[in-house]
Each structure stands twice: as C-alpha cells, then as structure tokens.
Undergrad: 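One structure is given below, represented as structure tokens, and several questions about it will come after.
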Amino acid sequence: MNARALTGAGLSVLVLGAVGVVGSLVEPPAEVSQPPEVRVEPLAGVSLGCPLPAEVPESETVAAAVALPDPGVETDATAPSALALQTLPGPESAAAELARTDVRGESVTAAVEETPVLAAATGGLAPAVVAEATTTAAGERTAGLASVPCVEPEREWWFLGGDGGVGRRSTLVLANAADGPAVVDVEVWTEDGPLNAAGTNDLGVPARGSRTVSVDAVASGSERVGVHVTASVGKVAAAVVVREVEGADPLGLTWVTPSEPASTLAHVPGVPAFGDRVLRLLNPGEDDSIASLRVLSGQGPFTPVGLEAIDVPALSVVDVDLSAAGEESLALEISATQPVVSSVRATQIPGSGLGDLAIVGSAPTVDGQAATWVSAADGRSTRLVLTALPDEVPGSPTASPTGSPTGSPTGSPTGSPTASPTGSPTASPTAGADLVDVETPTTTVLVRWLAPDGAVLDEQTATLALGTTDPFPGTLPEGTTEAWLVVEPAEAGRVLAAREATTTVAVPDPLDPDTPRDAFWLDIVALRTARTTVGIPPVLPDITVGLPYPGSE
C-alpha cells in the first residue's frame with residue numbers, strides 16, 4: 001500500500017471515530033428526565049379591580065365583595081385572612097380602606113366616588129372571592145342601571161359595544177393594582193377596520209391608579225365599535241362604560257362586559273326576551289369568516305331562518321338583527337370558519353317614557369361557584385337566566401333542523417326548584433296518535449341566596465334540559481333587601497349563567513323639572529366562575545431538565 005493510500009485510510013478512521021464521538025453525544029440517554037408537573041395550590045391572595053366610571057354625571061355607585069362559603073379547597077386556618085374594599089388613588093396618594101371583614105361569607109359593601117376600587121383578599125379568604133359594582137343614574141342627562149364585575153388584572157381584553165355617533169359616549173377605564181406602572185396599547189375596531197389613531201399606543205397606567213380613554217372620540221362617526229386592550233408591561237383590569245342621549249333625552253347607561261378572545265365557537269348568555277336585540281361580531285383576522293348562529297331557547301336549540309350563514313369580512317365589525325330569534329330569554333351559540341369576537345346589545349324603549357340598554361359579551365361556562373349581587377333598591381326585579389349547553393356540536397347530524405326548536409313543544413319552562421340527579425330523564429310528548437315518553441338528558445344547578453352576614457337564606461336546585469334556556473326566579477327572600485345570588489352547576493363545561501335586573505323609576509324632565517318621567521332600567525351581567533386555586537410552576541434543578549436532547553423530534 002502506498003503512502004497516499006495509507007493517508008486516505010487513516011483519514012477514514014479518524015472521520016469514523018469523530019462520528020462515533022458525536023453520535024455518543026446526540027444519542028438519547030436511557031432515561032430522559034421530565035419536568036415536574038405544575039402544582040395546584042389554594043389561592044393565598046387575590047386582587048379584583050373594579051374600573052369604575054370617572055365621567056358619569058348624576059350617578060351613584062355601590063361596590064360589594066364576598067368570599068363565598070365552601071370554596072372547595074382547603075385553606076390555612078392559621079394564616080392571617082382578610083377581605084377589603086380599597087381605593088386606587090394613584091402612586092402619589094395612600095389607598096383608603098372602605099370596608100373590611102375577616103369572616104368568610106360575610107359581605108363588604110361601600111359607596112364609591114369617582115376612583116376605581118380594589119377588592120383584595122389574603123390568606124384563607126382569598127379562594128372564591130367575587131366582587132361587583134352597580135351604578136345608578138336618575139338625572140336629567142344620564143339615566144340607567146349598570147353593573148360591572150370586578151376582575152383580576154389581565155394582559156388582554158376584548159370589548160364589543162358602543163359607537164361613535166352623536167350623543168354616544170364610550171369610555172374605556174383601565175385600573176392598575178400593582179405597585180409599578182403598566183403600559184398598554186388600545187386598538188379600536190370599526191365597520192371599516194382597525195383605526196390607526198394617535199394616542200392609543202404605549203399608554204401608561206400609573207401604579208395603584210387608573211386611566212381613561214375616550215373611545216367615541218377615537219371612533220367618531222363610526223356605527224359599530226370594538227376595543228382590544230393589550231398590556232406590554234404589567235396587567236390591568238378593564239371595562240367600557242357606555243351612556244347615550246338623544247337631544248334632551250337620556251337613552252341609557254351600561255357597562256360593556258368583556259368578551260372572550262376571538263374563537264371559532266362562542267356563547268353569549270342572558271339575552272333578554274324583549275326589546276331590540278343585535279348580535280355584534282368582530283373579525284380581527286386577515287381572512288373572511290362565515291358565522292352560523294344557533295339559538296338556545298326554552299324549547300331547545302334552533303337556527304333562525306336567514307342566520308345560517310353570516311358574512312363577517314376580514315378586519316371588520318358587523319351587526320346582526322336578532323328579531324327572528326323569538327321573544328323569550330335565550331343564549332346564543334356562534335360558530336365560525338375563522339375566529340370572531342361576539343356580544344349582544346339589547347335596547348328597551350317603552351311606548352312612553354325613557355329606555356335603557358345592556359351589552360353582554362361572550363362568556364365561558366360556569367364550572368364552579370359564581371355569584372352576583374342582587375338588590376331590591378328602586379323596586380328592581382331580578383331573574384337568573386340559566387342555559388344548559390347541548391351535547392352535540394354545531395353542524396352535527398343530531399343538531400336540530402334550521403328554524404325549528406326542539407325540546408318541549410309546549411314551550412313550558414324546563415327549570416324546576418326541585419332536586420334532580422344529573423342526567424336524569426324527563427318526559428316530553430312527541431307527535432303522533434299516542435303520546436310516548438322521550439328521554440331528555442338534563443343537568444342541575446344549585447342556587448342559593450347568601451345574606452350580607454353570610455347566612456344562607458334559601459337554597460334550591462334548578463333542573464335544565466340540555467340545549468335549553470330557563471329564566472329562574474331571582475326574587476329575594478321575604479324580608480331581605482340585598483343578597484348574593486350564588487350558582488353552582490353539577491357539571492363543568494355545561495352551564496351558562498347571567499343575571500337580569502329590570503325596574504321603572506321616575507327621573508326629572510330637563511324641560512319641566514316639576515314633571516318627572518318614567519324611565520325603564522335594564523341590567524345584565526354574565527356570571528363567571530370564582531377562582532379558587534393557582535398553578536405553581538415547577539422549580540427546575542437544571543435548565544436542561546425537560547428539554548429535548550439534540551437531534552430528537
């Protein structure tokens with residue numbers, strides 16, 4: 001063998017050896033260590049922001065909070081525990097404590113001025129805290145009833161409601177409960193697409209303070225408006241308050257409850273049985289979307305004629321008239337080919353007098369305890385609107401035919417204040433010469449009234465046929481003027497819930513103050529599950545733990 005051949009052979013051996021070394025580096029170890037699972041622990045502290053209005057004249061606001069009984073998790077009874085309502089005055093001023101309790105189930109309430117409020121709980125009172133603020137206005141230029149849930153700060157919010165027309169005022173309120181400032185971007189969408197408006201990016205929200213954005217000024221002249229809030233630094237609680245006037249007449253006051261992020265399947269609970277109702281859809285994507293609407297009524301799910309395919313062009317906001325949905329309380333199921341954001345606007349204008357409006361966004365199912373504050377002030381009448389989602393998915397062969405409701409042909413309520421085990425059958429007649437029993441699957445919801453001192457005033461069980469909506473009476477027990485209405489479904493992922501309040505009050509006439517006018521008030525709040533636990537991320541002993549080895553898929 002010549003020297004050249006020897007040299008080539010030696011190189012081959014060296015290369016093969018190198019490959020063997022590299023191969024030993026990338027060869028998967030016999031046992032790949034996996035990261036530990038996220039540990040779930042009871043909440044040790046929670047802060048719910050109530051972004052209350054700073055620009056609603058002639059109004060009064062009351063905030064209420066409670067740590068619900070039986071949170072479903074074990075808490076440390078020895079840890080210091082408290083629930084308090086306190087102001088968010090900004091970094092230059094000290095927060096004022098408005099009310100405080102150290103007893104689970106006992107409510108704290110307080111009249112609130114212009115500053116936003118924080119419901120803060122620590123220790124054993126942190127799990128299952130709910131808070132809500134209610135604003136009433138009975139003035140010459142502002143009239144209406146509006147409630148807003150107090151929410152945990154988040155990095156992203158969607159609101160779909162209001163417009164930029166004459167006499168329409170839509171104000172975004174941002175509240176920051178942290179000790180450091182937050183920075184947010186506010187994107188405003190209209191029927192013509194997103195607006196590139198000055199002064200909506202990199203907005204600072206002071207520590208322990210708030211900031212407002214005039215949405216109607218940004219979207220001046222627009223008929224349909226949506227708001228998208230994203231925080232690049234910190235987190236914020238957010239809400240949009242809408243008040244409307246026409247000439248000298250106030251047309252209503254409402255909070256726009258937040259909608260779920262854009263999705264191909266969403267639900268809007270608590271749509272009232274009366275008034276002008278409009279479904280609003282926002283498509284934030286670059287591709288057109290086709291949405292299909294299914295009504296979950298007292299008689300079962302059906303799709304109104306003409307609403308089987310709703311065009312939602314890319315980067316736009318559209319409104320859909322819901323008059324074909326029928327005159328009963330209901331929920332909506334929206335399925336779409338591309339993700340959309342959804343809400344419903346309800347406007348009630350009586351034959352005489354003044355009306356009001358309510359805007360409710362899409363909401364998740366109630367998967368644990370949820371609650372809403374109920375008051376008999378101003379002669380309010382309250383209903384709890386419960387919806388049990390059907391088993392089948394939209395478009396499945398078992399779904400009800402277009403335009404024809406399923407379920408009870410008599411239209412009688414499916415809810416019942418009698419206990420029934422989950423999934424038990426109910427009898428309903430079918431067409432034919434002889435009546436036969438048809439098994440209709442059901443689910444149940446535990447409904448309780450909780451007094452301000454924590455006592456359970458009443459307890460009932462509502463039974464719902466799947467795919468139906470039932471207005472459950474929310475009348476306060478005799479001798480009670482205010483209480484928490486608490487719901488707890490038997491199944492997760494099954495039930496939507498909303499609280500509806502109505503009343504008629506007298507308001508002054510700006511042209512003749514000595515002659516009051518009747519004003520109808522409407523308020524709708526979607527209920528959301530009270531959080532009880534928090535996920536604790538694992539502490540990894542090595543940065544490589546849980547990472548794929550080189551060369552693995």
Side-chain angles (χ1 to χ4, degrees), residues 50 52-53 56 59-64 66 107 109 130-138 142-150 161 239 241-243 250-257 268-275 277 328-331 344-350 353-361 363 370-387 415 447-450 452 457-458 469-477 480-487 496-507 518-528:
C50 312
L52 302 177
V56 179
S59 65
E60 298 178 352
T61 299
V62 174
V66 67
S107 301
T109 60
V130 292
E132 190 173 292
T134 301
T135 299
T136 56
T142 305
L145 172 65
S147 296
V148 58
C150 304
V241 61
V242 172
R243 58 188 180 95
L251 297 183
L253 171 71
T254 189
W255 285 99
V256 182
T257 60
V268 181
V271 180
F274 49 81
R277 300 162 299 171
E328 60 178 316
S329 297
L330 49 90
V344 167
R345 171 190 168 103
T347 306
Q348 174 71 357
I349 301 179
L354 304 172
D356 199 3
L357 71 155
I359 301 173
V360 57
T372 181
W373 182 247
V374 176
S375 173
D378 309 304
R380 297 172 207 169
S381 175
T382 300
R383 295 198 304 177
L384 177 65
V385 182
L386 300 172
T387 299
V447 181
R448 290 179 291 170
W449 283 260
L450 188 67
L457 300 172
D458 195 7
T469 295
D470 185 24
F472 191 87
T475 306
L476 287 166
T480 305
T481 59
E482 55 188 17
W484 290 96
L485 186 54
V486 185
V487 301
L496 304 170
R499 186 262 293 153
E500 172 191 295
T502 57
T503 191
T504 300
V505 299
V507 300
D518 286 338
F520 175 84
W521 283 357
L522 169 65
D523 184 38
I524 301 172
V525 172
L527 274 64
R528 294 175 181 253

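All heavy atoms count here, side chains included; hydrogens, waters and symmetry mates do not. Note that the structure is a prediction, hence the values are computed from the model and not measured.
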Undergrad: Run the numbers on L330 and R277 for side chain to side chain contact (heavy atoms under 4.5 Å, CB included), then give the verdict.
TA: CA-CA 11 Å; L330 49 90; R277 300 162 299 171; 3.8 Å; yes
Undergrad: Rounded to the nearest 0.5 Å, how far apart are OG1 of T475 and CZ of R383?
TA: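 Answer rounded to 0.5 Å: 10.5 Å.
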Undergrad: Tell me the closest heavy-atom pair linking L52 and A133, and the distance in Å.
TA: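 For L52 and A133, the tightest heavy-atom pair comes out as CD2-CB, 3.2 Å.
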Undergrad: Are the side chains of T382 and L476 in touch, meaning some heavy atoms are under 4.5 Å apart?
TA: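 A side-chain contact is absent here, since even the closest heavy-atom pair is not under 4.5 Å.
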Undergrad: Which heavy-atom pair separates T257 from I524 by the least distance, and what is that distance?
TA: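 Closest heavy-atom pair between T257 and I524: CG2-O, 4.3 Å.
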Undergrad: Counting N and O atoms only, with roles assigned by atom type, does the side chain of R345 sit under 3.5 Å from a partner on the main chain of L357, one being a donor and the other an acceptor?
TA: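 Judged by distance alone, no pair lies under 3.5 Å.
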Undergrad: Which distance, rounded to the nearest 0.5 Å, do you find between the CH2 of W484 and the CG of L457?
TA: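 These two atoms lie 14.0 Å from each other.
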Undergrad: Do E500 and P272 have side-chain heavy atoms sitting under 4.5 Å apart?
TA: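 Yes, close enough: below the 4.5 Å cut-off.
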Undergrad: Taking atom CD of E328 and atom CG of D470, what is their separation to the nearest 0.5 Å?
TA: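 Going from the CD atom of E328 to the CG atom of D470 covers 10.0 Å.
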Undergrad: Can you check whether R499 reaches S147 side chain to side chain, under 4.5 Å on heavy atoms?
TA: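 In contact.
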Undergrad: For T254 and V242, indicate whether the former's side chain and the latter's backbone hold a donor-acceptor pair under 3.5 Å.
TA: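 Not at all, since once roles are kept as given, no pair shorter than 3.5 Å links the two residues.
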Undergrad: Can you tell me how far CG of D458 sits from CG of L450, rounded to the nearest 0.5 angstrom?
TA: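 One finds 12.0 Å between CG of L450 and CG of D458.
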Undergrad: Are L253 and V241 side-chain neighbours, meaning at least one heavy-atom pair lies under 4.5 Å?
TA: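 Counting from C-beta outward, L253 and V241 do come under 4.5 Å.
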Undergrad: With E132, which of V62, V148, V374, V525 fulfils side chain to side chain contact (heavy atoms under 4.5 Å, CB included)?
TA: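 Of all the options given, the one that passes is V525.
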Undergrad: Side chain to side chain contact (heavy atoms under 4.5 Å, CB included), that's the test. Do Q348 and T502 meet it? Break it down for me.
TA: CA-CA 10 Å; Q348 174 71 357; T502 57; over 6 Å; no
Undergrad: Is a donor from one side chain sitting under 3.5 angstrom from an acceptor on the other, for T504 and D518?
TA: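 Distance-only check fails for T504 and D518.
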Undergrad: Give me the atom names and distance for the closest heavy-atom approach of G361 to P269.
TA: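 Looking at all heavy atoms of both residues, the shortest contact is O-CD, 3.9 Å.
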Undergrad: What are the two closest heavy atoms between T135 and W255, and how far apart are they?
TA: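 So the two residues come closest at OG1-NE1, 4.1 Å.
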Undergrad: Could you tell me which non-hydrogen atom of A273 sits nearest to which non-hydrogen atom of S329, and how far apart they are?
TA: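 Residues A273 and S329, closest heavy atoms: CB-N, 3.3 Å.
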Undergrad: F274 versus L522: any side-chain heavy-atom pair under 4.5 Å?
TA: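 F274 reaches L522 side chain to side chain.
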Undergrad: Do D523 side-chain atoms and A501 backbone N/O form a donor-acceptor pair below 3.5 Å?
TA: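 Judged by distance alone, no pair lies under 3.5 Å.
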Undergrad: For the residue pair W449 and L485, establish whether any side-chain heavy-atom pair is separated by less than 4.5 Å.
TA: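 They are in contact (side-chain heavy atoms under 4.5 Å apart), so the answer is yes.
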Undergrad: For the residue pair A138 and W521, what are the closest heavy atoms and their distance?
TA: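 Shortest heavy-atom contact: CB-CZ2, 4.0 Å.
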Undergrad: Measuring only between side-chain heavy atoms, which start at C-beta, is R380 closer than 4.5 Å to T134?
TA: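 The answer is yes, as the side chains (C-beta and beyond) meet within the 4.5 Å cut-off.
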Undergrad: Using 0.5 Å steps for rounding, measure from the SG atom of C150 to the CH2 atom of W373.
TA: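 C150 SG to W373 CH2: 12.5 Å, rounded to 0.5 Å.
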Undergrad: Which distance, rounded to the nearest 0.5 Å, do you find between the OG of S59 and the CG of L145?
TA: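 Here the interatomic distance stands at 12.0 Å.
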